[in-house]
Amino acid sequence: MKKFIVALLALVLVSVSCAAFADLPAGYKIMNGYDPANFVSKKAPTEFKMAVIVKGVAEWFSRLEEGVTKFAKDYGVDAKVQFPATTDAASQLEIIDSLLTQNYDAIIVVPNDASALEESLGTALENGIVVIGHEASNLKNCLYDTEAFNASQYGQAMADALAEATGAKGTYAIMVGYTTSITHMEYAKFEQEYIKQKYPELVLLNDELPTCESQESTTVAYEQAKQIFKSNPGLVGFICHCSTDAGGISQAAEEMGLKGKVKIVAAGVPSSYAKELKDGAIYSVTTWDPALSGYVACLTAYNILTGVPVGQGSDLSAKGAAPGYESVNLILGDNNCLIGNAPCIGTAENVDTLF
């Protein structure tokens, strides 16, 4: 009888062990050995501590902080944004390593260089800390990456805006924050390929991608743009991907008498460029609302901690708090990437109605 009971218990234990992996969220694939089911917390949600590490102190990330603050209030969670001292991986790494000693339940990161953070984020996972990425489709040591839309949706919107502004003819340039910023490079590559196919008379300067880096600095963006304008007086368009780039590019264009002649298609917070949009210095701002991104990334971590499956078709809109995330797609790549449908295009006509 005892042998039978022991055998039965062993069978039950094996079944439970297998179920944790068999009952994965819809579309989810274990890529790094970590099952989200193993990160369910025994704490009360009001005891959760979450840190959101951003790339820098630009207005974009202040807006993201608004979403994190709203989430913390809505769910009664201790969730705060951590701003790095400098816009590089070393500063982000310093924050992560510090968090590992402070009993955090979740770390959400917008990496400047995902590869530089992998080891420390792997340690976080080993210690049962939920890791969520944003703008990080190549981050391996995370349970999910969350995005407002995919690179092709965003890149197409930017490319179409440039074609509309320039009449789809002439030479254009592309600026990214860093070549190590995976999302910036994904957007840029798709834009170049899409433009080649759909707008063959629009030609990337020297067919070189990217044309330049801004290093997440308005000053560097200004200096790079000015050099490019001097060397290429016939340039008709400029696509830029860091939220601070358009200010530097538009300043350089104005100083060189090119305001409105070089069509700037930018990323960023639309309201911060309201003047430039209205006076024609910038043609459009294609973006997503970082407040919603911060909210959704925190909600994803919260769901994991409370045992709510997150997968294909999951509603991460929090009953209207994050429109565009009512039914996310789960795409398998380097990680499990949750993609919403939340684009936002700022123009002179609608900028006063946007964030």
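Residue numbers run from 1 in the order of the sequence given. Keep in mind that this is a model prediction, so the values were computed, not measured. Keep in mind that the numbers below use all heavy atoms, side chains included, and drop hydrogens, waters and symmetry copies.
To the nearest 0.5 Å, atom CZ of residue F238 and atom CD of residue Q224 are 8.0 Å apart. With rounding to the nearest 0.5 angstrom, the CZ atom of F48 is 6.5 Å from the CG atom of D105. Note that the CG atom of L24 and the NZ atom of K29 stand 11.5 Å from one another [nearest 0.5 Å]. Between K275 atom NZ and L277 atom CG the span is 11.0 Å, to the nearest 0.5 Å. In this structure, I264 CD1 and K259 NZ are separated by 10.5 Å, a value rounded to the nearest 0.5 Å. The structure places CZ of F83 at 9.0 Å from CZ of F61, a figure rounded to the nearest 0.5 Å.
A donor-acceptor pair is defined here as one N or O able to donate and one able to accept, closer than 3.5 Å; such a pair exists between the side chain of Q92 and the backbone of N112. Under the 3.5 Å distance criterion, the side-chain polar atoms of E326 are matched with a main-chain donor or acceptor of G324. Side chain of Y144 to backbone of V310: a donor-acceptor contact under 3.5 angstrom is found. Here the side chain of D88 pairs a donor or acceptor atom with the backbone of S91 at under 3.5 angstrom. At distances below 3.5 Å, at least one donor-acceptor pair connects side-chain atoms of T101 with backbone N or O atoms of S98. Between the side chain of D245 and the backbone N or O of A221, no donor-acceptor pair lies under 3.5 Å. With hydrogens and angles disregarded, no donor-acceptor distance shorter than 3.5 Å links the side chain of T286 to the backbone of I345. The backbone N or O of Y178 lies less than 3.5 Å from no partner atom in the side chain of S181, so there is not a single donor-acceptor pair. For the pair D113 (side chain) and A90 (backbone), a donor-acceptor distance under 3.5 Å is absent. At distances below 3.5 Å, at least one donor-acceptor pair connects side-chain atoms of T218 with backbone N or O atoms of T244.
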Give the intermediate values and the outcome of side-chain contact (heavy atoms from CB on, under 4.5 Å) for residues L204 and I174. CA-CA 8 Å; L204 180 62; I174 293 180; 3.8 Å; yes

Could you go through K226 and E223, starting from their C-alpha distance and side-chain angles, then the distance that decides it, and tell me whether this counts as salt bridge (charged side-chain N to carboxylate O under 4.0 Å, His left out)? CA-CA 5 Å; K226 199 163 187 178; E223 293 168 349; over 6 Å; no

Between E147 and H134, does the side-chain contact (heavy atoms from CB on, under 4.5 Å) criterion hold? Intermediate values first, please. CA-CA 6 Å; E147 305 293 342; H134 174 57; 4.0 Å; yes

K278 and D352: side-chain contact (heavy atoms from CB on, under 4.5 Å), yes or no, with the steps? CA-CA 10 Å; K278 291 177 180 179; D352 289 335; 2.9 Å; yes

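In K189, the NZ atom is not crowded: 12 or fewer heavy atoms of neighbouring residues, nucleotides or ligands sit closer than 6.0 Å. Counting heavy-atom neighbours within 6.0 Å of K43 NZ, excluding the residue itself, gives a total above 12.
Applying side-chain contact (heavy atoms from CB on, under 4.5 Å) to Y325 and the options L299, L338, V296 leaves one that passes, V296. Under the side-chain contact (heavy atoms from CB on, under 4.5 Å) test applied with S41, the options I304, L305, V130 reduce to a single match, L305.
For the residue pair D160 and Y199, a side-chain donor N or O sits within less than 3.5 Å of a side-chain acceptor on the partner. Side-chain contact check for E255 and Y222: at least one donor-acceptor pair (N or O, by modelled atom type) lies under 3.5 Å.
Electrostatic pairing of K196 and E193 does not count as a salt bridge here, judged by no charged N lying under 4.0 Å from a carboxylate O.
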